[in-house]
Amino acid sequence: MKLLSVCAVALLATQAASASIRHKLNGFTLTEHADPAKRELLQKHVAWDDKSLFINGERIMIFSGEFHPFRLPVPSLWIDILQKIKALGFNCVSFYIDWALLEGKPGEYTAEGNFALEPFFDAAKKAGIYLLARPGPYINAEVSGGGFPGWLQRVNGTLRSADPAFLKATDNYISNVAKTIAKAQITNGGPVILYQPENEYSGACCDQKFPDPDYMQYVIDQARDAGIVVPMISNDAYAGGHNAPGTGNGEVDIYGHDSYPEIQACGQKVACLPISGRITLRKAPTPRTLSLRWASPDPLCCRSLNITQFQAGAFDPWGGPGFAACAALVDHEFERVFYKNDLSFGSAILNLYMTFGGTNWGNLGHPGGYSSYDYGSPLTESRNITREKYSELKLIGNFLKASPSYLVATPGSLSTTGYADTAELIVTPLLGNGTGSYFVVRHTDYTSQKSTSYKLTLPTSAGKVTIPQLGGTLSLNGRDSKVHVADYKVAGTNILYSTAEVFTWKKFADGKVLVLYGGPGEHHEFAISSTSDVKIVEGSKSGIESKNISGAVVVAWDVSATRRIVQIDDLKVLLLDRNSAYNYWVPQLDEDGSSTGYSTEKTTASSIIVKAGYLVRTAYTKGSGLYLTADFNATTPLEVIGAPETAKHLFINGKKTQVNVDKNGFWSTKVEYSPPKIQLPNLKNLDWRYLDTLPEIQSSYDDSAWTAADLKTTPNTLRPLTTPTSLYSSDYGFHAGYLIYRGHFVADGSETTFDVRTQGGSVFGSSIWLNRTFLGSWTGLNADADYNSTYKLPKVESGKPYVFTVVVDTMGLDENWVVGTDEMKNPRGILSYKLSGRDSDAITWRLTGNLGGEDYQDKIRGPLNEGGLYAERQGFHQPQPPSTRWESASPLDGLTKPGIGFYSARFDLDIPRGWDVPLYLNFGNSTTSAAYRVQLYVNGYQYGKLVSNIGPQTSFPVPEGILNYRGTNWIALTLWALESAGAKLESFELANTTPVLTALSEVEASKQPKYSPRKGAY
């Protein structure tokens, strides 16, 4: 379908004579080198007018959830996340790709195993989900370096700029990753419909040219050269119109931006917080100030509001209150207020960040965050959907999926008059021309906790109507918003208005079903353009009143926890309270067991409505059977509304089920839930084996195989050297985890103190020894990315050799949000040092990080998974280490002095098949113990970092596929005692939460290479 907006036509005319002709197709910019055949194919699959996208000929709103597959390194579980997002009523998933994980060494791009993209695309196809690809090169995303690999610290050029050195550094990554994405575009039968070439390119400093159209055009052309033909979309953090359509060189095809109204405040339960976002509610009636019409010189190109990232949770820093507090802040009430506010602007693309957060396993996180990236998301880190915000989001998502007229309604001005009869409420209309109108009602002061009564005057096809017509008042509780509809079409039936909110509607062979819901204690009214009688076909008549008024039948009802069904002509209307509506699902009905592929549900597509509790994944017919795949966490009555005429039998998770059919034609049955008793090992009783993993402080230790820190200059352009040779770890190829330095000198007897500034990022720690004498530690603070310490030395003897051993825990590389700061180049390691009485060059240094540095050993778990401790360099953290001759000792007994111990043990699990059982490794941690740090390895995957004196994380969920649920597991810990008293674990246990009876297929374990001797390990 070819759609050219007015602005596209004008641009075609003015640019035709340009030396650099660019093709405006469907409103999208395609450079002249794009494959003409693919451009033609694109017309068929993706089109754009000045309101929204057309996919395969149908206008749809893109309602999307953010999910980063690299944060769940079990590809066989990706389908679980995608199906749970699809079940929300969403049709798209946005995903970042982390460059640092795919090109750990310059020029060597590796995207295999857990990092392969093709399985993710296949899972999206199976789930029927479109994809928005966001590969960077820069992604931010709270990952180390913002996605930049550590070796970029050596690039002699400004990052995220048109500096040739930086652009050249990106070429290999983008050419490879974009080529893979290109194969998965919708034009090739794949799920990718949008591509974002940069992320939050929104701020600069330091006389940096910004925005730089040449840089943006280069990044866009890189993708086009690799075969990307789908539209380019931006994500502008400040909604400043950067690179919007019409800005010329470097412009994207669709302008998008982000908004986080209540970010960075998880510790406060607001009522509500001051606004800090860009698309927010205001006390003053100015809702369209950010309509984006001002964002582009060509305003006709920017009539829709596209939010590439809107807040769905919040990130929590080290020492924060924990992600449960984030989920409480950005909760179901937040969703009702802010997401419906977004709808009032006529949002055509809305992506929620994060919908599933996952885990910063294997050192992939940035210094500002800990191992969990739960984010307070609708799906928890353990893939659970028990947060109420998931259910609330499902109500909104399914409403939008059932309401295509929303996209052609015209947003009007926010008003405190003319609609509601009280200035305490604001109403924003989206007016249709006989195709459905929408009225978003919210408190003028969105922080209000009041319950406000009101009447509503709406324009309808029957004229202006003041509602309720049958008496009583409407009410809006605090921290709530509503979408009232008028002239809303249900398969030919006109809903003149409804104050109750629409969950969904469907047309079946024997009639139509509309599902409405309201909050507890509310009074609602709806009217249908009909003069027929109202029949109550289920439930009590109490609280229901009806009357024919001016050619419409008006029904008033009081919300009840008991369902009522009224019928008017061939339309059945289900009247629910909100909590009951949470239990309803609208799975698309596929035929003959086949997937619908990438397509989201069209308005005319077949679906059923299922009441089923925890989760309904899919529905399909095969022969005379109706098949549901669903998950259950309790004994659950199940009801099918709209079973197809051809279906005679019901199968749930492959098992035939006895059903009853009521007078309304609804099928019902019950699924029994009888959870197994989960037997988990007591970790205290395991056969723990111990190894000193800091042999470097022994007098006999030989570091001749280590990397000599002999660079007299640094390629790092951010921080000049203050030491005779560079001690910046990335100058030598070490970018993640623990670093160890050994500084050799021959004493002359004058040395009394050693001053050293170490840097590892926020919350980093360090410890220092002189030979075997412990000098002290920096235990870390959230505020300090580096720290200078002065240590008193024991008396040294002239002429004797000594060695300083310095251990630094790096917490990831800084992100690079502001262009020109080059913050990502903040080095890790030793910034400066001073040995009293001696020149700095009296000390010669060697250093190590992970074995091989950029020639990292473990290609399966990636370039960031290991650090520089002896046990890590040897590979002892992997399954089946040679531990039989190691000392028998437990981390619960721990260390009696400063140092770092390595502990390894094995255990077996036997979790019954067919059950999804979230497992957690939990540490006890009071505030009274001496400071210590722990790295947790599970079957070779680093799945947690614990910092005892800062926190907050003590519970580490580990998914099936990393843990072998039916087999042997190897667990390893590094325990770093930072203080003179030593350290031990207070407690350590393996625990589970409620088992879920699941339709998930067998989870295939991620590859878990076992220990084998490493060549050159030292």
Side-chain angles (χ1 to χ4, degrees), residues 68 70-71 96-111 115 134-178 196-204 208 212 215-216 218-219 222 235 237 360 362-369 714-719 728-737 759-762 785 810-829 849 853-854 856 862-864:
H68 304 154
F70 61 81
R71 282 185 159 119
Y96 281 136
I97 302 172
D98 190 340
W99 179 11
L101 297 175
L102 303 187
E103 195 177 3
K105 182 178 182 179
E108 294 187 5
Y109 175 89
T110 302
F115 306 116
R134 307 206 291 164
Y138 184 74
I139 61 171
N140 211 60
E142 290 80 64
V143 294
S144 179
F148 283 165
W151 51 263
L152 280 187
Q153 288 202 356
R154 305 195 297 267
V155 169
N156 186 15
T158 302
L159 306 180
R160 302 181 73 191
S161 79
D163 193 305
F166 171 68
L167 296 179
K168 182 179 180 181
T170 68
D171 283 342
N172 184 59
Y173 167 65
I174 293 297
S175 66
N176 279 283
V177 75
Q196 184 184 300
E198 237 280 9
N199 186 55
E200 295 179 343
Y201 183 65
S202 306
Q208 183 66 35
D212 187 342
Y215 167 62
M216 278 298 297
Y218 188 94
V219 175
Q222 280 180 317
N235 179 36
N360 290 323
N363 297 302
L364 69 81
H366 80 134
T714 178
N716 189 311
T717 58
L718 181 66
R719 187 186 288 266
Y728 301 163
S729 65
S730 287
D731 285 359
Y732 302 95
F734 304 118
H735 310 302
Q759 178 163 281
S762 178
T810 68
M811 313 305 286
L813 300 176
D814 293 332
E815 296 178 296
N816 209 88
W817 197 92
V818 179
V819 179
T821 61
D822 274 6
E823 286 181 273
M824 178 267 172
K825 292 184 179 180
N826 271 325
R828 298 293 180 252
E854 289 166 10
Y856 56 98
L864 303 181

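Since this is a predicted model, take the numbers as computed values, not measurements.
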CG-CD distance between N360 and E142, expressed to the nearest 0.5 angstrom: 8.5 Å
Where R71 and V143 come nearest, the two heavy atoms and their spacing: NH2-CG1, 3.2 Å
Plane angle bin for W99 and F148 - parallel if under 30°, tilted between 30 and 60°, otherwise perpendicular: perpendicular
R719 side chain vs P827 backbone, donor-acceptor pair below 3.5 Å: no
Worked check of side-chain contact (heavy atoms from CB on, under 4.5 Å) between I97 and F115: CA-CA 9 Å; I97 302 172; F115 306 116; over 6 Å; no
Spatial distance of atom CG (N235) from atom CG (N140) [nearest 0.5 Å]: 9.5 Å
E854 CD to W151 CH2 distance, which is reported to the nearest 0.5 Å: 8.5 Å
Heavy-atom check, side chain of Y218 versus side chain of D171, under 4.5 Å: yes
Atom of V177, atom of P135 and distance for their closest heavy-atom approach: CG1-CB, 4.1 Å
Heavy-atom closest pair, residues G761 and M811: O-CG, 4.0 Å
Gap separating the CG atom of N172 from the CD atom of E103, nearest 0.5 angstrom: 4.5 Å
Intermediate values then yes/no, side-chain contact (heavy atoms from CB on, under 4.5 Å), Y96 and N199: CA-CA 10 Å; Y96 281 136; N199 186 55; 2.8 Å; yes
Candidates T158, N156, L159 - the one meeting side chain to side chain contact (heavy atoms under 4.5 Å, CB included) with T717: N156
Pair D814 + R828, salt bridge at N-O below 4.0 Å: yes
K105 side chain to G853 backbone, donor-acceptor under 3.5 Å: no
Where P137 and P197 come nearest, the two heavy atoms and their spacing: CD-O, 3.8 Å
Any Q208 side-chain heavy atom under 4.5 Å of R160 side chain: no
Donor-acceptor contact below 3.5 Å, side chain Y173 vs main chain A178: no
Distance (rounded to the nearest 0.5 Å) between Y201 OH and Y215 OH: 7.0 Å
Derivation of the side-chain contact (heavy atoms from CB on, under 4.5 Å) call for L813 and S144: CA-CA 5 Å; L813 300 176; S144 179; 3.6 Å; yes
Atom of N816, atom of Y138 and distance for their closest heavy-atom approach: N-OH, 2.8 Å
Test item: side-chain donor near acceptor, Q153 and D731, under 3.5 Å: no
Considering all heavy atoms, the nearest T810-G737 contact: OG1-O, 2.5 Å
Side chain N716, main chain R154, donor-acceptor under 3.5 Å: no
Rounded distance (nearest 0.5 Å) linking atom CG of L167 with atom CD of Q222: 7.0 Å
Criterion side-chain contact (heavy atoms from CB on, under 4.5 Å) on I139 and H68, from CA distance to verdict: CA-CA 11 Å; I139 61 171; H68 304 154; over 6 Å; no
